[in-house]
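Whatever order the structure lists them in is the order used to number ligands and atoms, beginning at 1.
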Amino acid sequence: MKMWSGRFRQSLDPQFERWQRSFDFDRRLLHYELAASGAHARALKNAGVLSADELIGILQGLQQIGEMAAASQGSVEDEEAEDVHHFVEKQLVSRIGEVGYKLHSGRSRNEQIATDLRLYVRAAIDELRSELADVCGAFTDRAEQAGSTSMPAYTHLQRAEPVLVAHWLLAYVEMFLRDADRLADCRKRLNVCPLGSGAVAGATLSLDRAFMANELEFDGPTANSIDATSDRDFVLEFVSTLSLLGLHLSRWAEEMIIFSTQEFGFVHLPEAYSTGSSAMPQKKNPDLLELVRGKTGRLIGGATTLMITLKGLPLAYNKDLQETQQPLFDSADTALGLLPQVAGWMKAVEFDHQRMNGAAQSGFMNAWAAATYLVNRGVPSRLAHEQIGKAVKLCVDKNCELQDLTLHDLRTLNPIFDESFRDCLQPSSVLAIHDVVGGTAPARVRQGIAAARKKIDSLREEVNFHAHA
Ligand code: ARG
């Protein structure tokens, strides 16, 4: 039986009927639909709408549906179910008889789908944060293993200053930790329960909303029934956060692709994550990285789809909202699929320390350190800049580096230069002068690694807390 056929004289056009269904994709919400239905049934019993026996029958029926779904690994089939809500009602009635229809007393699918989606996003956030902790752990391990290896840091994709490889890797950890934090923030805001909001105006039975919220581990009931049944901000916030995560991952993928080219040669692509060419026998391609970069487009597409779907939608529930589900599921699946790959790749990749160190020691990347030498001797910064600039020009003419210039050459630029100048040009001295919080001086980077580990540990603790709550 349909959930709404009473007032209709005509049956639906069969093609339209099939086309408008959401069961194909919303059946993945079954677990949450059953949980929410259980909470609603208990509230109905407390409100005196269901007898104790009826409640037991309904709860047993719901449990059997859950067991059936578990046995079929969640891939439940039904040729007629319009959506997951209809499916549960049909199943329940087929198991416990007409009393199953009582479950829908005083509720609407509008509040149900809003609740199911919140539960789904909440669980996806917990899973993603756990994956992010693994990714951050993998990056931090590699940072630690990189030890004192340095590399050029680039601005404008031109060699700028040497940094520790560890410092570079920790930059990504910061991005991913912010993503994890944004997900936590989204979780905090979404964790309220729409049950009892009815179709738009609030339940027609005196249901204890705080009780239902508590049953489902929400922080409390939503404040306004019109908003609760039409709000999908949490879906958009979640998917937007994932598109930002994707954006970070795509920057990482792009850098790794560039660094793995023969021109750079900083990164040896792990064979376990690369493929060859069917035509060119010598090729080893960075497939994982390219797919990560490509899938970011899907995540951004998901967020864009949601924004356009929600724009201009009058209050409250409109069937357009059904269209928010697929971009949500696709984005969550895409992100959840990506992260373990990224962690695996990071564990397997080999950095060419020799090449990286070599690149960090040529191309005048010690020029700022050279200017700092003069500044420390009282030369105004602008003049120091100018004088070292001239020294670089001299080097370009002589095809050498700053450390190769003679004291005589240097003194034509400024008589203040002495023998100690060469020491300040050493790679270790160049790194050491960046001795500020967040700088690349080795001691600061060691602190950075320790701080990252701490943040990752507390991320893991939070995730475990939710998993066992
Ligand atoms: N399948 C619907 C959706 O996902 C459930 C809500 C239907 N509500 C309605 N008034 N037709 O949006």
Side-chain angles (χ1 to χ4, degrees), residues 1-8 10-13 15-37 39-40 65 69 74 76-92 101 103-124 190 193-204 216 222 224-236 238-239 302 305-333:
M1 188 175 179
K2 291 224 175 310
M3 297 182 91
W4 43 262
S5 51
R7 63 99 69 210
F8 282 77
Q10 243 194 336
S11 54
L12 289 186
D13 174 272
Q15 269 191 348
F16 167 67
E17 203 283 325
R18 270 198 302 282
W19 176 78
Q20 56 90 46
R21 284 187 212 163
S22 53
F23 185 61
D24 256 0
F25 48 87
D26 69 13
R27 61 183 159 185
R28 64 190 292 164
L29 296 173
L30 181 62
H31 173 71
Y32 307 110
E33 173 72 7
L34 293 172
S37 291
H40 177 72
I65 301 170
V76 285
E77 303 290 339
D78 187 320
E79 285 302 306
E80 285 163 18
E82 189 173 314
D83 53 25
V84 68
H85 322 292
H86 186 207
F87 174 76
V88 169
E89 183 171 279
K90 285 180 65 205
Q91 286 287 327
L92 195 59
Y101 288 129
L103 174 61
H104 207 57
S105 311
R107 75 171 181 176
S108 155
R109 285 184 291 168
N110 299 353
E111 61 179 300
Q112 286 171 255
I113 187 61
T115 306
D116 295 355
L117 287 176
R118 281 175 194 265
L119 291 171
Y120 168 84
V121 175
R122 189 174 75 182
L190 72 74
C193 183
L195 288 190
S197 297
V200 59
T204 50
L216 297 169
T222 49
N224 180 294
S225 61
I226 303 173
D227 179 49
T229 47
S230 62
D231 171 29
R232 295 292 183 274
D233 288 6
F234 62 97
V235 176
L236 180 54
F238 173 65
V239 175
T305 302
L306 287 167
M307 260 186 281
I308 297 172
T309 306
L310 295 170
K311 178 189 174 293
L313 211 59
L315 298 179
Y317 179 83
N318 297 270
K319 191 114 176 188
D320 313 43
L321 291 177
Q322 187 167 288
E323 287 297 308
T324 61
Q325 292 188 36
Q326 283 165 302
L328 164 65
F329 298 148
D330 186 65
S331 297
D333 290 344

Q. If you count the non-hydrogen atoms of other residues, nucleotides and ligands that lie under 6.0 Å from NZ in Lys319, is the total more than 12?
A. yes

Q. How far is atom 2 (C) of ligand 1 from its nearest protein heavy atom, and which residue and atom is that?
A. Gln322 OE1, 3.3 Å

Q. Does the Glu89 side chain pair with the main chain of His86, one donor and one acceptor, at a distance under 3.5 Å?
A. no

Q.
Which heavy atom of Lys90 sits nearest to which heavy atom of Ala81, and what is that distance?
A. NZ-N, 4.1 Å

Q. Which atoms of ligand 1 sit under 4.0 Å from any heavy atom of His85?
A. 5 (C)

Q.
Given Ser37, which partner from the list Arg107, His104, His85, Gln112 fulfils the side chain to side chain donor-acceptor pair (under 3.5 Å) test?
A. Arg107

(Q) Out of all atoms in ligand 1, which are within 4.0 Å of some heavy atom of Ser22? Include the element for each. (A) 1 (N)

Q. What protein heavy atom sits nearest atom 10 (N) of ligand 1, and how far away is it?
A. Asn110 OD1, 3.0 Å

Q. Touching ligand 1 at all, Gln112? Heavy atoms, strictly under 4.0 Å?
A. no

Q: For atom 4 (O) of ligand 1, find the nearest protein heavy atom and state the residue, atom name and distance (0.1 Å precision).
A: Gln325 NE2, 2.7 Å

Q: Please report which non-hydrogen protein atom sits nearest to atom 11 (N) of ligand 1, along with the residue it belongs to and the distance in Å to one decimal place.
A: Arg109 NH2, 3.6 Å

Q: Among Arg21, Gln20, Arg109, find the residue that satisfies the side chain to side chain donor-acceptor pair (under 3.5 Å) test when tested with Asp83.
A: Arg109

Q) Is the NZ or CZ atom of Arg27 positioned over Phe87's six-membered ring, under 6.0 angstrom from the centre and within 45° of the axis? A) no

Q: Considering the heavy atoms of Asp83, write down every atom of ligand 1 situated less than 4.0 Å from one of them.
A: 1 (N), 2 (C), 5 (C)

Q | salt bridge (charged side-chain N to carboxylate O under 4.0 Å, His left out) between Arg28 and Asp333, intermediate numbers included | A | CA-CA 12 Å; Arg28 64 190 292 164; Asp333 290 344; 2.9 Å; yes

Q) Which protein non-hydrogen atom lies closest to atom 7 (C) of ligand 1, naming both residue and atom, and how far is it? A) Tyr317 OH, 3.5 Å

